[in-house]
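The chains referred to below are lettered A, B, ... by the order of the sequence lines, with proteins before strands, and numbering in each begins at 1.
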Amino acid sequence: MKEIEELFLPDNVRYAETHEWARADGDNMTIGINDYAQDQLGDIVFVELPEIGATFEKGEEFGTLESVKAVSEIYMPVSGEITAINEDLEEAPELVNGEPYNAGWIIEVKPNDPDEINTLMSSSEYLEMLKGGE
Amino acid sequence: MNEEQIKKTPLHDWHLKHSANMAVFGGYEMPLWYPSGAKREHLAVLTGAGMFDTSHMAVIMVEGPGALALLQACFTKNLNACIGKNKTPLVPGRCAYGAFLDDLGHVRDDSIVSQIASETYMIVVNAGMGGQISRHLENQAGGSDVEIHDLTDGVGKMDIQGPMSARILAGIIRKPEAVFDRMVYFSFKGFFDDDFPLADAVRLLDGTPVMLSRTGYTGEFGFEIFMNPDHIGHVWKMALEAGKDFGLVTCGFAARDSLRTGSVLPLSHQDIGPWPFINNPWSFALPFNDDQTGFTKKFTGDEALINIEEPEYTYPFAGFDLRKVSPGNSTIVTDSGGAGIGTVLTCVTDMAIGRVDEKTYSITSPDRPDGFNPKGLSCGFVRVTRKLSSGDFVELRDDRRAIKVVIVDDIRPDRTARRAIKTML
(Lines give C-alpha, C1' and ligand atoms only; values in the text may rest on other atoms or scores of the structure.)
Protein backbone atom coordinates (compact mmCIF):
# COMPACT_ATOMS: atom_id res chain seq x y z
CA MET A 1 0.00 0.00 0.00
CA LYS A 2 1.22 3.47 -0.79
CA GLU A 3 1.90 5.75 2.15
CA ILE A 4 -0.10 8.98 1.94
CA GLU A 5 3.13 10.82 1.17
CA GLU A 6 3.73 8.50 -1.80
CA LEU A 7 0.40 9.25 -3.49
CA PHE A 8 0.51 11.16 -6.76
CA LEU A 9 -2.14 13.89 -6.47
CA PRO A 10 -1.55 16.38 -9.28
CA ASP A 11 -2.60 20.01 -8.86
CA ASN A 12 -4.29 20.29 -12.26
CA VAL A 13 -7.34 18.20 -11.29
CA ARG A 14 -10.00 18.60 -8.57
CA TYR A 15 -10.93 15.81 -6.17
CA ALA A 16 -14.23 14.35 -4.92
CA GLU A 17 -14.69 12.85 -1.46
CA THR A 18 -15.41 9.54 -3.17
CA HIS A 19 -11.90 9.56 -4.73
CA GLU A 20 -12.74 10.55 -8.31
CA TRP A 21 -10.95 13.42 -10.04
CA ALA A 22 -12.24 15.93 -12.60
CA ARG A 23 -10.32 18.17 -14.97
CA ALA A 24 -11.80 20.96 -17.09
CA ASP A 25 -10.93 20.52 -20.78
CA GLY A 26 -12.59 23.39 -22.66
CA ASP A 27 -16.37 23.09 -22.27
CA ASN A 28 -16.10 19.50 -21.09
CA MET A 29 -14.64 17.72 -18.10
CA THR A 30 -12.56 14.56 -17.98
CA ILE A 31 -13.16 12.27 -15.04
CA GLY A 32 -11.30 9.31 -13.54
CA ILE A 33 -10.33 7.80 -10.20
CA ASN A 34 -7.29 9.00 -8.30
CA ASP A 35 -4.09 7.30 -7.23
CA TYR A 36 -5.39 6.57 -3.74
CA ALA A 37 -8.48 4.81 -5.11
CA GLN A 38 -6.59 2.70 -7.62
CA ASP A 39 -4.05 1.67 -4.96
CA GLN A 40 -6.82 0.66 -2.57
CA LEU A 41 -8.75 -1.30 -5.20
CA GLY A 42 -5.77 -3.20 -6.58
CA ASP A 43 -5.69 -4.63 -10.09
CA ILE A 44 -8.65 -3.31 -12.08
CA VAL A 45 -9.79 -6.12 -14.37
CA PHE A 46 -13.00 -4.68 -15.82
CA VAL A 47 -14.60 -1.26 -16.15
CA GLU A 48 -18.33 -0.95 -16.67
CA LEU A 49 -18.95 2.31 -18.52
CA PRO A 50 -22.14 4.33 -19.08
CA GLU A 51 -23.77 5.06 -22.46
CA ILE A 52 -22.77 8.23 -24.27
CA GLY A 53 -25.62 10.70 -23.90
CA ALA A 54 -26.69 9.43 -20.47
CA THR A 55 -27.10 12.09 -17.79
CA PHE A 56 -26.25 11.82 -14.12
CA GLU A 57 -26.55 14.02 -11.06
CA LYS A 58 -23.57 14.82 -8.92
CA GLY A 59 -22.94 11.91 -6.54
CA GLU A 60 -24.85 9.42 -8.68
CA GLU A 61 -23.22 6.10 -9.63
CA PHE A 62 -22.24 6.11 -13.31
CA GLY A 63 -20.27 2.89 -13.58
CA THR A 64 -18.36 0.19 -11.76
CA LEU A 65 -14.75 -0.83 -11.42
CA GLU A 66 -14.16 -4.51 -11.00
CA SER A 67 -10.96 -5.29 -9.17
CA VAL A 68 -9.61 -8.73 -8.46
CA LYS A 69 -11.20 -8.58 -5.05
CA ALA A 70 -14.45 -6.66 -5.35
CA VAL A 71 -16.80 -4.54 -7.42
CA SER A 72 -16.82 -0.81 -6.61
CA GLU A 73 -19.03 2.01 -7.75
CA ILE A 74 -17.74 5.16 -9.46
CA TYR A 75 -19.66 8.35 -8.70
CA MET A 76 -20.18 11.55 -10.70
CA PRO A 77 -18.13 14.38 -9.20
CA VAL A 78 -20.36 16.92 -11.05
CA SER A 79 -23.79 16.76 -12.74
CA GLY A 80 -23.80 16.42 -16.50
CA GLU A 81 -24.10 14.41 -19.69
CA ILE A 82 -21.65 11.74 -20.84
CA THR A 83 -19.95 12.92 -24.04
CA ALA A 84 -17.22 10.29 -24.32
CA ILE A 85 -16.06 7.08 -22.66
CA ASN A 86 -12.54 5.67 -22.63
CA GLU A 87 -12.94 2.69 -24.95
CA ASP A 88 -9.33 1.64 -24.42
CA LEU A 89 -10.34 0.41 -20.97
CA GLU A 90 -12.29 -2.44 -22.52
CA GLU A 91 -9.07 -4.10 -23.64
CA ALA A 92 -6.74 -2.55 -21.07
CA PRO A 93 -8.54 -1.87 -17.77
CA GLU A 94 -5.16 -1.88 -16.05
CA LEU A 95 -4.61 1.64 -17.48
CA VAL A 96 -6.70 2.84 -14.52
CA ASN A 97 -3.99 1.49 -12.21
CA GLY A 98 -0.97 2.51 -14.26
CA GLU A 99 -1.98 5.97 -15.49
CA PRO A 100 -5.03 7.06 -13.51
CA TYR A 101 -4.86 10.71 -14.63
CA ASN A 102 -3.91 10.17 -18.27
CA ALA A 103 -4.51 7.06 -20.37
CA GLY A 104 -6.64 5.65 -17.53
CA TRP A 105 -9.29 8.40 -17.68
CA ILE A 106 -12.81 6.98 -17.55
CA ILE A 107 -15.42 9.39 -18.94
CA GLU A 108 -15.80 12.86 -20.42
CA VAL A 109 -18.88 14.90 -19.48
CA LYS A 110 -20.55 18.10 -20.48
CA PRO A 111 -21.30 19.60 -17.06
CA ASN A 112 -24.65 21.23 -16.36
CA ASP A 113 -22.75 23.96 -14.55
CA PRO A 114 -19.10 24.49 -15.53
CA ASP A 115 -18.48 26.18 -12.18
CA GLU A 116 -19.49 23.07 -10.21
CA ILE A 117 -15.90 21.84 -10.47
CA ASN A 118 -14.99 24.53 -7.95
CA THR A 119 -17.02 22.73 -5.30
CA LEU A 120 -14.49 19.88 -5.49
CA MET A 121 -11.31 19.76 -3.41
CA SER A 122 -7.84 20.88 -4.37
CA SER A 123 -5.04 18.33 -4.03
CA SER A 124 -3.98 19.79 -0.68
CA GLU A 125 -7.56 19.78 0.63
CA TYR A 126 -8.01 16.19 -0.52
CA LEU A 127 -4.74 15.20 1.12
CA GLU A 128 -5.93 16.74 4.38
CA MET A 129 -9.14 14.74 4.12
CA LEU A 130 -7.18 11.49 3.70
CA LYS A 131 -4.92 12.32 6.63
CA GLY A 132 -7.98 13.08 8.77
CA GLY A 133 -9.31 9.62 8.00
CA GLU A 134 -6.23 7.90 9.32
CA MET B 1 -11.86 -5.47 16.90
CA ASN B 2 -9.53 -2.77 18.13
CA GLU B 3 -5.96 -2.39 17.05
CA GLU B 4 -4.39 -4.04 20.10
CA GLN B 5 -6.28 -7.26 19.37
CA ILE B 6 -5.13 -7.52 15.76
CA LYS B 7 -2.32 -10.03 15.56
CA LYS B 8 0.78 -9.92 13.39
CA THR B 9 2.87 -12.74 11.98
CA PRO B 10 6.69 -12.68 12.26
CA LEU B 11 6.81 -11.49 8.61
CA HIS B 12 4.55 -8.47 9.20
CA ASP B 13 7.37 -5.93 9.01
CA TRP B 14 8.64 -7.51 5.79
CA HIS B 15 5.20 -7.14 4.21
CA LEU B 16 4.97 -3.47 5.19
CA LYS B 17 8.50 -2.77 4.01
CA HIS B 18 7.57 -4.28 0.65
CA SER B 19 4.44 -2.10 0.34
CA ALA B 20 1.84 -4.85 0.66
CA ASN B 21 -1.80 -3.76 0.87
CA MET B 22 -2.81 -5.23 4.22
CA ALA B 23 -6.16 -6.40 5.57
CA VAL B 24 -7.33 -8.25 8.65
CA PHE B 25 -8.09 -11.91 8.09
CA GLY B 26 -9.01 -14.27 10.92
CA GLY B 27 -7.75 -11.72 13.44
CA TYR B 28 -4.35 -11.27 11.75
CA GLU B 29 -3.24 -8.38 9.58
CA MET B 30 -2.10 -10.10 6.42
CA PRO B 31 -1.04 -9.01 2.91
CA LEU B 32 -3.83 -8.76 0.33
CA TRP B 33 -1.37 -8.20 -2.50
CA TYR B 34 2.04 -6.71 -3.12
CA PRO B 35 2.75 -3.92 -5.64
CA SER B 36 3.00 -6.50 -8.46
CA GLY B 37 -0.76 -6.96 -8.08
CA ALA B 38 -3.06 -9.89 -7.36
CA LYS B 39 -3.46 -10.81 -11.02
CA ARG B 40 0.25 -11.31 -11.58
CA GLU B 41 0.49 -13.19 -8.28
CA HIS B 42 -2.35 -15.53 -9.29
CA LEU B 43 -0.81 -16.23 -12.71
CA ALA B 44 2.69 -16.76 -11.25
CA VAL B 45 1.42 -19.72 -9.22
CA LEU B 46 0.41 -21.40 -12.49
CA THR B 47 3.49 -20.52 -14.51
CA GLY B 48 6.30 -20.23 -11.94
CA ALA B 49 5.79 -20.11 -8.21
CA GLY B 50 4.24 -17.99 -5.50
CA MET B 51 5.21 -17.66 -1.85
CA PHE B 52 2.62 -17.00 0.85
CA ASP B 53 2.93 -16.09 4.53
CA THR B 54 0.52 -18.48 6.22
CA SER B 55 1.72 -18.18 9.83
CA HIS B 56 -1.80 -17.12 10.81
CA MET B 57 -2.86 -20.78 10.60
CA ALA B 58 -3.00 -22.56 13.96
CA VAL B 59 -1.24 -25.82 14.79
CA ILE B 60 -2.41 -28.28 17.46
CA MET B 61 -0.48 -31.37 18.58
CA VAL B 62 -2.42 -34.44 19.73
CA GLU B 63 -0.29 -37.13 21.38
CA GLY B 64 -0.68 -40.30 23.35
CA PRO B 65 -2.19 -43.79 23.27
CA GLY B 66 -5.67 -42.27 22.94
CA ALA B 67 -4.82 -39.86 20.09
CA LEU B 68 -6.12 -41.94 17.20
CA ALA B 69 -9.36 -42.85 18.95
CA LEU B 70 -9.97 -39.20 19.80
CA LEU B 71 -9.44 -38.07 16.22
CA GLN B 72 -11.58 -40.90 14.91
CA ALA B 73 -14.38 -39.69 17.18
CA CYS B 74 -14.04 -35.99 16.25
CA PHE B 75 -12.68 -35.76 12.69
CA THR B 76 -14.82 -36.57 9.66
CA LYS B 77 -12.17 -38.47 7.72
CA ASN B 78 -11.73 -42.12 8.64
CA LEU B 79 -8.03 -42.19 9.54
CA ASN B 80 -8.08 -45.99 9.47
CA ALA B 81 -9.12 -45.94 5.82
CA CYS B 82 -7.90 -42.86 3.99
CA ILE B 83 -4.79 -43.57 1.93
CA GLY B 84 -4.97 -44.47 -1.74
CA LYS B 85 -7.51 -46.44 -3.73
CA ASN B 86 -7.44 -49.32 -1.25
CA LYS B 87 -8.17 -46.98 1.65
CA THR B 88 -5.37 -48.06 3.95
CA PRO B 89 -4.79 -46.42 7.36
CA LEU B 90 -2.95 -43.14 7.84
CA VAL B 91 0.73 -43.70 8.63
CA PRO B 92 3.55 -41.39 9.80
CA GLY B 93 4.49 -39.11 6.90
CA ARG B 94 0.99 -38.88 5.43
CA CYS B 95 -1.84 -36.39 5.91
CA ALA B 96 -5.61 -36.28 5.46
CA TYR B 97 -8.20 -33.53 4.96
CA GLY B 98 -11.43 -33.42 6.93
CA ALA B 99 -13.53 -31.36 9.28
CA PHE B 100 -14.45 -31.08 12.94
CA LEU B 101 -18.24 -30.93 13.36
CA ASP B 102 -20.65 -30.29 16.20
CA ASP B 103 -23.58 -32.54 17.15
CA LEU B 104 -25.75 -30.90 14.48
CA GLY B 105 -23.23 -31.83 11.81
CA HIS B 106 -22.27 -28.16 11.42
CA VAL B 107 -18.65 -27.26 10.73
CA ARG B 108 -16.49 -26.03 13.60
CA ASP B 109 -13.50 -25.86 11.27
CA ASP B 110 -11.75 -27.83 8.54
CA SER B 111 -8.27 -29.19 8.93
CA ILE B 112 -5.39 -31.24 7.61
CA VAL B 113 -4.24 -33.91 10.06
CA SER B 114 -0.66 -35.15 9.65
CA GLN B 115 0.60 -38.24 11.42
CA ILE B 116 4.01 -37.44 12.90
CA ALA B 117 4.68 -40.69 14.80
CA SER B 118 2.71 -43.77 15.84
CA GLU B 119 0.80 -41.88 18.54
CA THR B 120 1.47 -38.27 17.50
CA TYR B 121 -0.65 -36.15 15.18
CA MET B 122 -0.36 -32.55 14.06
CA ILE B 123 -3.56 -30.70 13.21
CA VAL B 124 -3.58 -27.51 11.19
CA VAL B 125 -6.73 -25.43 11.63
CA ASN B 126 -7.65 -21.94 10.49
CA ALA B 127 -6.52 -18.62 11.93
CA GLY B 128 -7.82 -18.04 15.42
CA MET B 129 -9.29 -21.55 15.72
CA GLY B 130 -6.48 -23.17 17.74
CA GLY B 131 -8.07 -22.46 21.11
CA GLN B 132 -11.58 -23.49 20.18
CA ILE B 133 -10.62 -26.75 18.49
CA SER B 134 -8.16 -27.63 21.29
CA ARG B 135 -10.87 -27.14 23.90
CA HIS B 136 -13.29 -29.20 21.85
CA LEU B 137 -10.75 -32.03 21.63
CA GLU B 138 -10.01 -31.81 25.36
CA ASN B 139 -13.71 -32.02 26.16
CA GLN B 140 -14.15 -35.01 23.90
CA ALA B 141 -11.02 -36.73 25.25
CA GLY B 142 -12.45 -36.94 28.74
CA GLY B 143 -10.13 -39.07 30.83
CA SER B 144 -8.49 -40.87 27.92
CA ASP B 145 -4.74 -40.97 27.66
CA VAL B 146 -4.06 -38.10 25.26
CA GLU B 147 -2.29 -34.76 25.49
CA ILE B 148 -3.41 -31.76 23.46
CA HIS B 149 -1.15 -28.75 22.89
CA ASP B 150 -2.37 -25.62 21.16
CA LEU B 151 0.70 -24.21 19.36
CA THR B 152 -1.12 -21.07 18.10
CA ASP B 153 1.55 -18.48 17.16
CA GLY B 154 4.21 -21.03 18.09
CA VAL B 155 4.79 -22.31 14.57
CA GLY B 156 5.95 -20.32 11.55
CA LYS B 157 4.44 -21.37 8.23
CA MET B 158 4.96 -20.36 4.63
CA ASP B 159 3.74 -21.94 1.41
CA ILE B 160 5.60 -22.19 -1.88
CA GLN B 161 3.15 -23.15 -4.60
CA GLY B 162 3.51 -23.54 -8.34
CA PRO B 163 5.28 -25.78 -10.84
CA MET B 164 8.72 -24.38 -9.96
CA SER B 165 8.32 -24.96 -6.20
CA ALA B 166 10.50 -28.07 -5.92
CA ARG B 167 13.26 -26.52 -8.05
CA ILE B 168 13.30 -23.49 -5.78
CA LEU B 169 13.33 -25.61 -2.62
CA ALA B 170 16.14 -27.72 -4.06
CA GLY B 171 18.27 -24.58 -3.77
CA ILE B 172 17.73 -24.17 -0.04
CA ILE B 173 17.50 -27.68 1.46
CA ARG B 174 20.11 -30.34 2.13
CA LYS B 175 19.94 -33.52 0.01
CA PRO B 176 16.95 -32.46 -2.12
CA GLU B 177 16.99 -35.70 -4.17
CA ALA B 178 16.45 -37.75 -1.02
CA VAL B 179 13.82 -35.36 0.34
CA PHE B 180 11.77 -35.32 -2.88
CA ASP B 181 12.12 -39.05 -3.51
CA ARG B 182 8.60 -40.55 -3.71
CA MET B 183 7.07 -37.53 -2.04
CA VAL B 184 3.44 -37.96 -3.06
CA TYR B 185 0.58 -35.48 -2.76
CA PHE B 186 -0.60 -35.23 0.86
CA SER B 187 2.65 -36.54 2.33
CA PHE B 188 5.35 -34.77 4.30
CA LYS B 189 8.89 -35.18 5.52
CA GLY B 190 10.81 -33.62 8.37
CA PHE B 191 9.64 -31.82 11.47
CA PHE B 192 10.30 -28.40 12.96
CA ASP B 193 11.11 -29.63 16.48
CA ASP B 194 14.62 -31.06 16.93
CA ASP B 195 13.32 -33.35 19.67
CA PHE B 196 11.49 -35.44 17.11
CA PRO B 197 13.50 -38.05 15.19
CA LEU B 198 11.79 -36.93 11.97
CA ALA B 199 13.49 -33.51 12.22
CA ASP B 200 16.61 -34.81 10.52
CA ALA B 201 14.72 -35.71 7.37
CA VAL B 202 14.53 -32.14 6.05
CA ARG B 203 17.02 -29.45 6.98
CA LEU B 204 17.71 -26.21 5.23
CA LEU B 205 21.28 -25.53 4.10
CA ASP B 206 21.88 -23.66 7.37
CA GLY B 207 20.66 -26.63 9.43
CA THR B 208 17.17 -25.30 10.28
CA PRO B 209 14.79 -28.27 10.65
CA VAL B 210 11.52 -27.85 8.78
CA MET B 211 8.43 -29.89 8.09
CA LEU B 212 7.93 -29.97 4.34
CA SER B 213 4.40 -30.99 3.38
CA ARG B 214 3.18 -31.57 -0.16
CA THR B 215 -0.10 -29.83 0.49
CA GLY B 216 -1.47 -26.36 -0.17
CA TYR B 217 -4.43 -24.14 -0.91
CA THR B 218 -3.94 -23.25 -4.56
CA GLY B 219 -4.66 -26.46 -6.48
CA GLU B 220 -1.17 -26.28 -7.93
CA PHE B 221 1.95 -28.34 -7.25
CA GLY B 222 3.66 -27.06 -4.13
CA PHE B 223 4.53 -27.25 -0.47
CA GLU B 224 3.57 -25.96 2.94
CA ILE B 225 6.63 -25.42 5.12
CA PHE B 226 6.43 -25.41 8.93
CA MET B 227 9.22 -24.18 11.18
CA ASN B 228 10.10 -22.47 14.43
CA PRO B 229 8.75 -18.91 14.00
CA ASP B 230 12.17 -17.50 14.90
CA HIS B 231 13.52 -18.89 11.62
CA ILE B 232 10.84 -17.78 9.17
CA GLY B 233 12.32 -14.33 8.53
CA HIS B 234 15.54 -15.69 7.11
CA VAL B 235 13.95 -18.72 5.45
CA TRP B 236 11.57 -16.37 3.59
CA LYS B 237 14.53 -14.32 2.31
CA MET B 238 16.53 -17.44 1.42
CA ALA B 239 13.62 -18.80 -0.62
CA LEU B 240 13.10 -15.47 -2.38
CA GLU B 241 16.76 -15.43 -3.39
CA ALA B 242 16.62 -19.05 -4.56
CA GLY B 243 13.43 -18.31 -6.50
CA LYS B 244 14.82 -15.39 -8.48
CA ASP B 245 15.51 -17.47 -11.57
CA PHE B 246 12.24 -19.42 -11.32
CA GLY B 247 9.65 -16.65 -11.49
CA LEU B 248 8.92 -16.73 -7.74
CA VAL B 249 6.73 -13.87 -6.54
CA THR B 250 5.35 -13.15 -3.09
CA CYS B 251 1.56 -13.52 -3.03
CA GLY B 252 -1.18 -12.12 -0.84
CA PHE B 253 -4.59 -13.31 0.22
CA ALA B 254 -6.46 -12.05 -2.85
CA ALA B 255 -4.48 -14.44 -5.07
CA ARG B 256 -4.80 -17.18 -2.45
CA ASP B 257 -8.59 -16.75 -2.52
CA SER B 258 -8.94 -16.78 -6.32
CA LEU B 259 -6.52 -19.73 -6.68
CA ARG B 260 -8.31 -21.87 -4.08
CA THR B 261 -11.74 -21.08 -5.50
CA GLY B 262 -10.67 -22.08 -9.00
CA SER B 263 -9.47 -25.33 -7.45
CA VAL B 264 -12.82 -25.97 -5.72
CA LEU B 265 -11.33 -25.74 -2.23
CA PRO B 266 -13.61 -24.36 0.50
CA LEU B 267 -12.91 -21.42 2.77
CA SER B 268 -13.93 -22.41 6.29
CA HIS B 269 -16.60 -20.16 7.85
CA GLN B 270 -17.63 -19.03 4.36
CA ASP B 271 -18.19 -22.05 2.08
CA ILE B 272 -18.57 -24.47 4.96
CA GLY B 273 -19.85 -23.31 8.32
CA PRO B 274 -22.80 -23.46 10.69
CA TRP B 275 -24.85 -25.77 8.50
CA PRO B 276 -24.60 -29.52 7.82
CA PHE B 277 -21.35 -30.65 6.19
CA ILE B 278 -22.91 -32.77 3.47
CA ASN B 279 -24.23 -32.41 -0.10
CA ASN B 280 -21.20 -30.33 -1.01
CA PRO B 281 -18.16 -30.82 -3.28
CA TRP B 282 -16.11 -32.05 -0.30
CA SER B 283 -17.89 -35.34 0.43
CA PHE B 284 -14.50 -37.08 0.07
CA ALA B 285 -13.87 -35.76 3.59
CA LEU B 286 -16.74 -37.88 4.93
CA PRO B 287 -16.27 -41.61 5.69
CA PHE B 288 -19.01 -42.85 3.35
CA ASN B 289 -19.45 -46.57 2.84
CA ASP B 290 -19.30 -47.94 -0.69
CA ASP B 291 -22.96 -47.36 -1.54
CA GLN B 292 -23.00 -43.89 0.11
CA THR B 293 -25.84 -44.85 2.44
CA GLY B 294 -23.95 -44.61 5.72
CA PHE B 295 -20.57 -44.08 7.31
CA THR B 296 -17.74 -46.48 8.06
CA LYS B 297 -17.19 -45.04 11.55
CA LYS B 298 -18.93 -43.11 14.33
CA PHE B 299 -18.00 -39.45 14.74
CA THR B 300 -19.43 -36.25 16.20
CA GLY B 301 -22.23 -35.03 13.94
CA ASP B 302 -22.63 -38.28 11.97
CA GLU B 303 -26.24 -38.95 12.92
CA ALA B 304 -27.32 -35.40 12.14
CA LEU B 305 -25.80 -35.67 8.65
CA ILE B 306 -27.66 -38.89 7.90
CA ASN B 307 -30.99 -37.64 9.23
CA ILE B 308 -31.39 -34.31 7.45
CA GLU B 309 -35.00 -33.55 6.64
CA GLU B 310 -34.62 -30.49 4.42
CA PRO B 311 -31.33 -30.85 2.62
CA GLU B 312 -29.44 -27.93 1.10
CA TYR B 313 -26.80 -28.31 -1.58
CA THR B 314 -23.50 -26.53 -2.22
CA TYR B 315 -22.21 -26.45 -5.80
CA PRO B 316 -19.29 -24.89 -7.64
CA PHE B 317 -20.21 -22.56 -10.51
CA ALA B 318 -18.40 -20.76 -13.32
CA GLY B 319 -19.49 -17.64 -15.16
CA PHE B 320 -19.09 -16.60 -18.80
CA ASP B 321 -16.90 -13.55 -18.26
CA LEU B 322 -14.96 -12.10 -15.36
CA ARG B 323 -17.80 -10.08 -13.82
CA LYS B 324 -18.65 -10.93 -10.23
CA VAL B 325 -21.46 -10.40 -7.80
CA SER B 326 -20.82 -9.50 -4.17
CA PRO B 327 -21.70 -12.37 -1.85
CA GLY B 328 -23.97 -11.29 0.98
CA ASN B 329 -27.43 -11.62 2.41
CA SER B 330 -29.08 -9.60 -0.35
CA THR B 331 -27.40 -11.61 -3.13
CA ILE B 332 -29.58 -14.43 -4.37
CA VAL B 333 -29.44 -17.39 -6.71
CA THR B 334 -32.39 -17.74 -9.06
CA ASP B 335 -33.35 -20.65 -11.30
CA SER B 336 -34.35 -20.37 -14.96
CA GLY B 337 -37.89 -19.48 -13.89
CA GLY B 338 -36.67 -16.61 -11.74
CA ALA B 339 -37.44 -18.26 -8.39
CA GLY B 340 -35.00 -17.61 -5.55
CA ILE B 341 -33.31 -20.88 -4.61
CA GLY B 342 -30.31 -19.89 -2.52
CA THR B 343 -27.33 -17.73 -1.69
CA VAL B 344 -23.83 -17.08 -3.02
CA LEU B 345 -21.04 -18.24 -0.66
CA THR B 346 -18.01 -17.18 -2.71
CA CYS B 347 -17.69 -15.27 -5.98
CA VAL B 348 -14.24 -14.37 -7.30
CA THR B 349 -12.48 -14.18 -10.66
CA ASP B 350 -10.03 -16.90 -11.60
CA MET B 351 -7.85 -14.79 -13.89
CA ALA B 352 -6.07 -17.75 -15.47
CA ILE B 353 -9.06 -19.27 -17.24
CA GLY B 354 -11.34 -18.49 -20.15
CA ARG B 355 -13.83 -20.11 -22.48
CA VAL B 356 -13.20 -20.89 -26.13
CA ASP B 357 -16.35 -22.21 -27.80
CA GLU B 358 -17.84 -24.43 -25.11
CA LYS B 359 -14.62 -25.43 -23.39
CA THR B 360 -12.75 -23.88 -20.46
CA TYR B 361 -8.96 -23.68 -20.68
CA SER B 362 -6.31 -22.38 -18.32
CA ILE B 363 -3.21 -20.50 -19.42
CA THR B 364 -1.27 -23.70 -18.76
CA SER B 365 -3.66 -26.17 -20.43
CA PRO B 366 -1.57 -28.27 -22.82
CA ASP B 367 -4.35 -28.16 -25.44
CA ARG B 368 -5.12 -24.42 -25.17
CA PRO B 369 -5.76 -22.71 -28.50
CA ASP B 370 -2.99 -20.65 -30.12
CA GLY B 371 -2.79 -17.13 -28.73
CA PHE B 372 -5.07 -17.99 -25.77
CA ASN B 373 -5.02 -14.93 -23.50
CA PRO B 374 -7.99 -15.12 -21.12
CA LYS B 375 -9.40 -12.27 -19.07
CA GLY B 376 -10.69 -14.64 -16.41
CA LEU B 377 -14.02 -16.13 -15.38
CA SER B 378 -16.08 -15.48 -12.31
CA CYS B 379 -16.47 -18.59 -10.18
CA GLY B 380 -17.32 -19.72 -6.69
CA PHE B 381 -19.91 -21.62 -4.69
CA VAL B 382 -23.66 -21.36 -4.29
CA ARG B 383 -25.79 -22.93 -1.58
CA VAL B 384 -29.26 -23.80 -2.82
CA THR B 385 -32.39 -25.53 -1.61
CA ARG B 386 -32.76 -27.64 -4.72
CA LYS B 387 -30.67 -30.40 -6.22
CA LEU B 388 -28.90 -29.18 -9.37
CA SER B 389 -26.76 -30.95 -11.94
CA SER B 390 -23.56 -30.03 -13.67
CA GLY B 391 -24.56 -27.98 -16.72
CA ASP B 392 -27.61 -26.35 -15.09
CA PHE B 393 -27.80 -22.58 -15.51
CA VAL B 394 -28.65 -20.26 -12.64
CA GLU B 395 -28.54 -16.51 -12.21
CA LEU B 396 -26.70 -14.70 -9.42
CA ARG B 397 -28.25 -11.39 -8.56
CA ASP B 398 -26.93 -8.67 -6.26
CA ASP B 399 -27.98 -5.03 -5.85
CA ARG B 400 -25.97 -4.07 -8.92
CA ARG B 401 -26.27 -6.78 -11.54
CA ALA B 402 -27.36 -10.26 -12.47
CA ILE B 403 -24.92 -12.71 -14.02
CA LYS B 404 -25.67 -16.03 -15.67
CA VAL B 405 -23.47 -18.89 -14.46
CA VAL B 406 -23.40 -22.63 -14.92
CA ILE B 407 -23.13 -25.30 -12.23
CA VAL B 408 -19.91 -27.27 -12.78
CA ASP B 409 -18.03 -30.22 -11.32
CA ASP B 410 -14.69 -28.47 -11.55
CA ILE B 411 -13.45 -24.96 -12.35
CA ARG B 412 -9.81 -24.43 -13.38
CA PRO B 413 -8.68 -27.29 -15.62
CA ASP B 414 -5.23 -28.91 -15.79
CA ARG B 415 -4.13 -28.15 -12.25
CA THR B 416 -0.78 -29.50 -11.13
CA ALA B 417 -1.23 -30.34 -7.40
CA ARG B 418 -1.25 -34.10 -7.98
CA ARG B 419 1.51 -34.33 -10.60
CA ALA B 420 4.24 -36.90 -9.96
CA ILE B 421 7.06 -35.07 -8.22
CA LYS B 422 9.72 -36.58 -10.49
CA THR B 423 8.19 -34.63 -13.38
CA MET B 424 8.51 -31.35 -11.46
CA LEU B 425 12.21 -31.41 -10.58
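The interface of residues 37-55 of chain A with chain B, defined by heavy-atom distances below 4.5 Å, comprises Asp39(A), Gln40(A), Leu41(A), Gly42(A), Asp43(A), Val45(A), Phe46(A), Glu48(A).
Dense packing is recorded around NZ of Lys2(A), with more than 12 heavy atoms of other residues, nucleotides or ligands lying under 6.0 Å away. The 12-atom threshold is exceeded at CE of Met158(B), counting heavy atoms of other residues, nucleotides or ligands nearer than 6.0 Å. For Asp27(A), the CG atom is loosely surrounded, since the number of other residues' heavy atoms within 6.0 Å does not exceed 12.
Between Glu90(A) and Lys375(B), the shortest heavy-atom distance links the atoms O-NZ, 3.3 Å.
Taking OG of Ser19(B) as the reference point, atom CD of Glu3(A) lies at 7.5 Å (rounded to 0.5 Å).
Contacts between Ser67(A) and chain B at a heavy-atom distance below 4.5 Å involve the backbone alone (N, CA, C, O).
Applying the salt bridge (charged side-chain N to carboxylate O under 4.0 Å, His left out) test to residues at least two apart or on different chains, the pairs with a partner in residues 57-68 of chain A are Glu66(A)-Lys324(B), Glu66(A)-Arg401(B).
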Side chains of residues 30-41 of chain B: which donor-acceptor pairs under 3.5 Å do they make with residues two or more places apart or in other chains?
unit_1: Tyr34(B); atom_1: OH; unit_2: His15(B); atom_2: ND1; d: 2.9
unit_1: Glu41(B); atom_1: OE1; unit_2: Gly252(B); atom_2: N; d: 2.9
unit_1: Glu41(B); atom_1: OE2; unit_2: Tyr34(B); atom_2: N; d: 2.8

Can you list, pair by pair, the side-chain donor-acceptor contacts under 3.5 Å of residues 103-110 of chain A, counting residues two or more places apart and other chains?
unit_1: Glu108(A); atom_1: OE1; unit_2: Asn28(A); atom_2: ND2; d: 3.3
unit_1: Glu108(A); atom_1: OE1; unit_2: Thr83(A); atom_2: OG1; d: 3.0

